[in-house]
Protein chains: 2
Amino acid sequence: MSDSRRKIVEAASRLLEEQGYHATGLSQIVEESGAPKGSLYYYFPDGKREISETALRETGQRVESNIRQILGSASSAAKGVQTLIETIGRRMEASNYQAGGPITTVALETAPDSKRLNRACQEIYNDWRVALRNRIVEDGVGGDRADRLAGTVLASIEGAMVLARTHQDRGPLEEAATSMTELIKAAH
Amino acid sequence: MSDSRRKIVEAASRLLEEQGYHATGLSQIVEESGAPKGSLYYYFPDGKREISETALRETGQRVESNIRQILGSASSAAKGVQTLIETIGRRMEASNYQAGGPITTVALETAPDSKRLNRACQEIYNDWRVALRNRIVEDGVGGDRADRLAGTVLASIEGAMVLARTHQDRGPLEEAATSMTELIKAAH
DNA sequence: GTCTATAATACGATAGAC
DNA sequence: GTCTATCGTATTATAGAC
């Protein structure tokens with residue numbers, strides 16, 4: 001992938017997380033990426049939606065990789081989820097709560113009116129969910145229950161990020177970490 | 001409160017939930033409200049932000065009232081939370097997932113750049129959380145633990161709404177309902 | 001691959017009449 | 001209380017040169 005294209009996608013990923021879809025302009029993406037202004041529609045003929053989809057999917061894969069790595073090196077699913085949520089809390093705090101969930105805002109904004117971006121968000125959330133589910137199954141929890149637990153953990157993380165960003169406080173994530181480890185342990 | 005003002009606030013509440021802050025234009029609010037176009041800046045001299053704050057706070061109180069009513073008429077906190085989440089699921093499904101969390105999208109969009117709207121969202125979330133906490137305390141759960149449980153329930157609901165809207169499926173809310181009742185029951 | 005210029009449209013907000 | 005007209009400034013996207 002060319003350098004300009006890569007820089008555009010990286011800038012878009014960050015801006016979409018921090019500001020959401022509608023508040024992020026193409027001019028700002030180009031400006032902050034440092035890429036040439038003329039290359040935007042050369043690399044992304046379909047414009048903003050194509051850039052955003054590319055950025056979302058790249059973010060999704062990066063996050064999924066982080067999830068798998070953290071869960072994989074933990075001694076149990078419960079420990080892994082706790083470490084995962086703590087890591088998210090540190091990341092949000094370090095960004096002064098400008099990071100607001102890698103795709104949450106865009107997922108909410110575009111669910112009704114962009115089939116393309118909505119599908120991307122669906123697939124990304126599904127990948128994350130599967131990663132969580134697999135680690136819980138490895139711990140010996142039955143498939144159906146592991147599935148439900150993975151969904152609850154994912155929802156709790158998403159919601160706790162919303163609250164943490166709103167309050168500029170990672171407390172909600174810490175509460176979620178405690179509750180989710182408790183819930184997973186109780187499933188055995 | 002005058003009729004035009006009330007209609008503007010009602011339309012704004014609905015549009016902000018369905019579309020978020022940046023995607024909702026003043027012209028659309030006026031148009032769908034049926035209020036006279038000239039009355040917008042008469043009732044809300046500070047413009048879009050003032051309309052939005054008013055709409056958010058009104059929505060917040062309406063939802064808080066619903067929460068208290070549902071929790072209050074339930075035989076236990078766990079049952080109440082289950083009924084609450086099921087009610088939310090039916091509401092989202094009935095709207096074809098256009099309802100996307102009464103304030104979630106706006107909370108995420110405006111957290112960084114509008115002190116005024118951010119504070120409103122903080123206070124609304126806090127009210128909801130207190131309503132949850134109080135009902136859990138009534139069930140005999142200790143204050144600290146009830147506080148954490150309320151935070152987790154709120155986060156799970158917020159996150160499950162994000163996932164439900166994204167997938168156009170109330171499954172995430174059903175999973176959250178099951179898990180949250182389990183978690184609350186385990187606290188006794 | 002990259003540039004500039006510009007089309008076409010929408011936005012929030014204000015002024016001043018009535 | 002309500003109206004219209006308008007200002008200034010964004011936006012996405014395209015055309016055509018280089």
Side-chain angles (χ1 to χ4, degrees), chain A residues 1-56 105-106 108-118 120, chain B residues 1-56 105-106 108-118 120:
Chain A
M1 196 194 293
S2 76
D3 198 57
S4 289
R5 184 186 156 99
R6 188 183 45 75
K7 288 196 292 188
I8 289 171
V9 172
E10 280 175 12
S13 293
R14 196 189 77 252
L15 290 169
L16 288 176
E17 172 169 6
E18 294 180 355
Q19 305 180 332
Y21 185 80
H22 289 106
T24 299
L26 294 178
S27 54
Q28 193 185 10
I29 293 176
V30 154
E31 185 188 327
E32 301 207 11
S33 71
K37 313 183 195 310
S39 58
L40 231 176
Y41 280 90
Y42 173 78
Y43 290 114
F44 304 95
D46 279 350
K48 188 177 185 179
R49 266 180 286 187
E50 187 178 357
I51 297 172
S52 300
E53 185 191 358
T54 308
L56 283 178
T105 312
V106 179
L108 285 171
E109 284 179 288
T110 63
D113 51 57
S114 168
K115 193 81 189 164
R116 179 176 192 167
L117 294 176
N118 177 239
Chain B
M1 196 194 290
S2 75
D3 198 56
S4 289
R5 186 187 155 98
R6 187 182 46 76
K7 288 196 291 187
I8 289 172
V9 173
E10 280 175 12
S13 293
R14 194 188 80 253
L15 291 169
L16 288 175
E17 171 169 6
E18 294 180 354
Q19 306 181 332
Y21 184 81
H22 289 106
T24 299
L26 294 180
S27 53
Q28 192 185 11
I29 293 177
V30 155
E31 185 188 328
E32 302 207 10
S33 72
K37 312 183 195 309
S39 58
L40 232 175
Y41 280 90
Y42 173 78
Y43 289 115
F44 304 95
D46 280 350
K48 188 177 185 178
R49 266 180 286 189
E50 187 178 359
I51 296 172
S52 301
E53 185 191 358
T54 308
L56 283 177
T105 312
V106 179
L108 284 171
E109 284 179 287
T110 63
D113 51 55
S114 167
K115 193 81 189 164
R116 179 176 191 168
L117 293 177
N118 177 238

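Computation of the quantities below employed the complete heavy-atom set of this structure, encompassing side-chain atoms and omitting hydrogens, waters and symmetry-equivalent molecules.
A heavy-atom distance below 4.0 Å to DNA chain C is reached by none of the residues of residues 3-12 of chain B. Taking a 4.0 Å limit (strictly below) on heavy-atom distances, residues 13-25 of chain B reaches DNA chain C at T24(B), G25(B). Contacts between residues 34-55 of chain A and DNA chain D, defined by a heavy-atom separation below 4.0 Å, involve Y41(A), G47(A), K48(A), listed by number.
Among residues two or more places apart in sequence or in another chain, the side-chain hydrogen bond (donor to acceptor under 3.5 Å, both in side chains) test is passed with S13(B) by T59(B). R6(B) pairs by the side chain to side chain contact (heavy atoms under 4.5 Å, CB included) definition with M1(B), D3(B), E10(B), not counting sequence neighbours. By the side-chain hydrogen bond (donor to acceptor under 3.5 Å, both in side chains) test, T24(A) pairs with Q19(A), sequence neighbours left out. Listed by chain and number, the residues in a side chain to side chain contact (heavy atoms under 4.5 Å, CB included) with A35(B) are S4(B), I8(B), S33(B), S39(B) (sequence neighbours excluded). Partners of R116(A) by side chain to side chain contact (heavy atoms under 4.5 Å, CB included), not counting sequence neighbours, listed by chain and number: D46(A), E50(A), E53(A), S114(A). Applying the side chain to side chain contact (heavy atoms under 4.5 Å, CB included) rule to A12(A) yields the partners I29(A), I51(A), A55(A); only residues at least two apart in sequence or on another chain are considered. Looking at residues two or more places apart in sequence or on another chain, you find a side-chain hydrogen bond (donor to acceptor under 3.5 Å, both in side chains) between S2(B) and Y43(B).
For dA10(C), the OP1/OP2 oxygens have no side-chain nitrogen or oxygen of S27(B) closer than 4.0 Å.
Across all non-hydrogen atoms, the minimal contact from T54(B) to F44(B) is OG1-CE2, 3.8 Å. For Y21(B) against E109(B), the heavy-atom pair with the smallest separation is N-OE1, 2.5 Å.
By the 4.5 Å heavy-atom criterion applied to side chains, S52(A) and L117(A) are counted as neighbours. Side-chain contact between L26(B) and Y41(B) is present, with heavy atoms from C-beta onward closer than 4.5 Å.
Residue pairs satisfying the salt bridge (Lys or Arg N to Asp or Glu O under 4.0 Å) criterion with at least one member in residues 12-28 of chain A, sequence neighbours excluded, are listed as follows: R14(A)-E18(A), R14(A)-E32(A), E17(A)-R91(A).
Taking a heavy-atom distance under 4.0 Å as the criterion, the stretch of DNA chain D touched by chain B extends 5' to 3' from dG1(D) to dC3(D).
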